[in-house]
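Below: one structure, written as structure tokens.
In each ligand, atom 1 is the first atom listed, and ligand 1 is the first ligand listed.
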Amino acid sequence: ADHSPLAYSVGITLDRFIKLKQGDFPFASGELSQLLRDIALAAKIVNRETNRAGLANIGGAFGQTNSHGEEQQKLDVIANIRFIRALSKGGEVCAIVSEEEDAVIDLQNTSGKYVVAIDPLDGSSNIDVNISIGTIFSIYRRKSPVGQPIEQKDIMQPGHQQVAAGYVLYGSSTMLVYTTGNGVNGFTYENSLGEFFLSHPDIKAPLDGEIYSINEGLEHEWEPGIKSFIHTCKTQKLQSRYIGSLVADFHRNLLKGGIYLYPSTLKNPSGKLRLLYEANALAFIIEQAGGLASDGKRRILDIQANSLHQRTPLLIGSRNLVHEALINLNIKQVQI
Ligand code: P6P
């Protein structure tokens with residue numbers, strides 16, 4: 001097959017790309033490929049729901065709160081159901097941990113080799129004001145050989161055990177960006193054809209960047225190292241860009257260069273973002289693209305979870321910017 005860049009960028013669909021790339025895993029039995037297709041299918045369905053939310057009276061609040069006491073939006077609930085259903089029907093997954101579900105969902109599928117951690121719709125408070133939202137997912141192989149998946153062993157694996165990770169950005173166009181550990185590739189959805197096409201082959205994060213993303217309204221709650229780093233960003237005339245939707249901020253910084261920070265705050269001493277289904281996936285992607293992801297002390301991918309929904313501070317993006325932030329946070333030299 002022609003592997004020249006042009007060959008990849010002219011009209012190659014996600015399905016074809018997955019098949020092509022499966023060659024990278026000669027012993028692959030095709031289950032991970034099928035799982036990626038199942039996720040893409042659910043993304044197409046959620047994309048359709050988000051695009052018509054305002055019209056189909058599925059915008060706005062669902063009228064219940066999730067297990068964290070956060071008010072659920074109707075689309076949160078719909079996206080959660082759609083991804084769980086697609087993964088259950090696909091047959092490759094034995095268990096799911098979802099932001100929208102307090103407990104692990106055991107799909108009663110003992111032949112499923114994979115575990116998925118997912119935030120079905122992040123940033124859903126932005127839906128009603130038509131700001132981009134996203135899905136974030138991590139994929140692991142189960143560690144226990146058979147039977148009911150074991151929470152500590154199969155579900156709460158450290159991020160470096162991921163076999164794949166990605167996100168869907170429902171924005172001005174809908175994109176699927178994922179890695180299986182061999183680089184990062186981006187696909188843009190063509191609504192009229194119902195297909196994702198390769199649009200961003202082999203994404204690399206610029207080592208430097210001119211953008212920093214943080215909620216400045218919380219400045220009074222930051223630790224001194226964050227205050228000094230953000231002050232440095234301002235003296236170096238970086239641009240402040242903060243959408244309030246993690247996937248949108250992450251994606252822009254990945255392509256253009258930049259750093260996103262959600263540090264420890266008084267309200268959220270461990271940060272606001274979740275380790276298992278937000279930070280780990282984006283950390284895998286950014287490292288595959290040449291960037292860094294840290295909680296301020298440790299590499300995100302090295303953190304061993306001890307609860308399903310645990311939060312973590314997150315500094316993620318261009319290598320040199322994250323490194324600069326870490327030096328400010330831990331004045332002692334940081335080896336990362
Ligand atoms: P804040 C959305 O609720 C979210 O989880 C991320 O998508 C976003 O970056 C962050 O929280 C915004 O949080 O506290 O700045 O409103």
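Ring to ring, F187 and H200 are not that close: their centroids are 6.0 angstrom or more apart. When ring centroids are compared, Y260 and F250 stay outside the 6.0 Å threshold.
The protein residues lying under 4.0 angstrom from ligand 1, judged by non-hydrogen atoms, are D122, G123, N215, Y242, G244, S245, L246, Y260, Y262, K272, L273.
For NE2 of H160, the number of neighbouring non-hydrogen atoms (other residues, nucleotides, ligands) closer than 6.0 Å is greater than 12.
For Y262, there are no side chain to side chain donor-acceptor pair (under 3.5 Å) partners two or more places apart in sequence or in a different chain.
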Do N51 and N47 pass the side chain to side chain contact (heavy atoms under 4.5 Å, CB included) test, and can you show the C-alpha distance, the side-chain angles, and the key distance before you say yes or no? CA-CA 6 Å; N51 287 349; N47 175 61; 3.5 Å; yes
E49 and R82: salt bridge (Lys or Arg N to Asp or Glu O under 4.0 Å), yes or no, with the steps? CA-CA 10 Å; E49 311 276 11; R82 293 295 191 181; 2.9 Å; yes
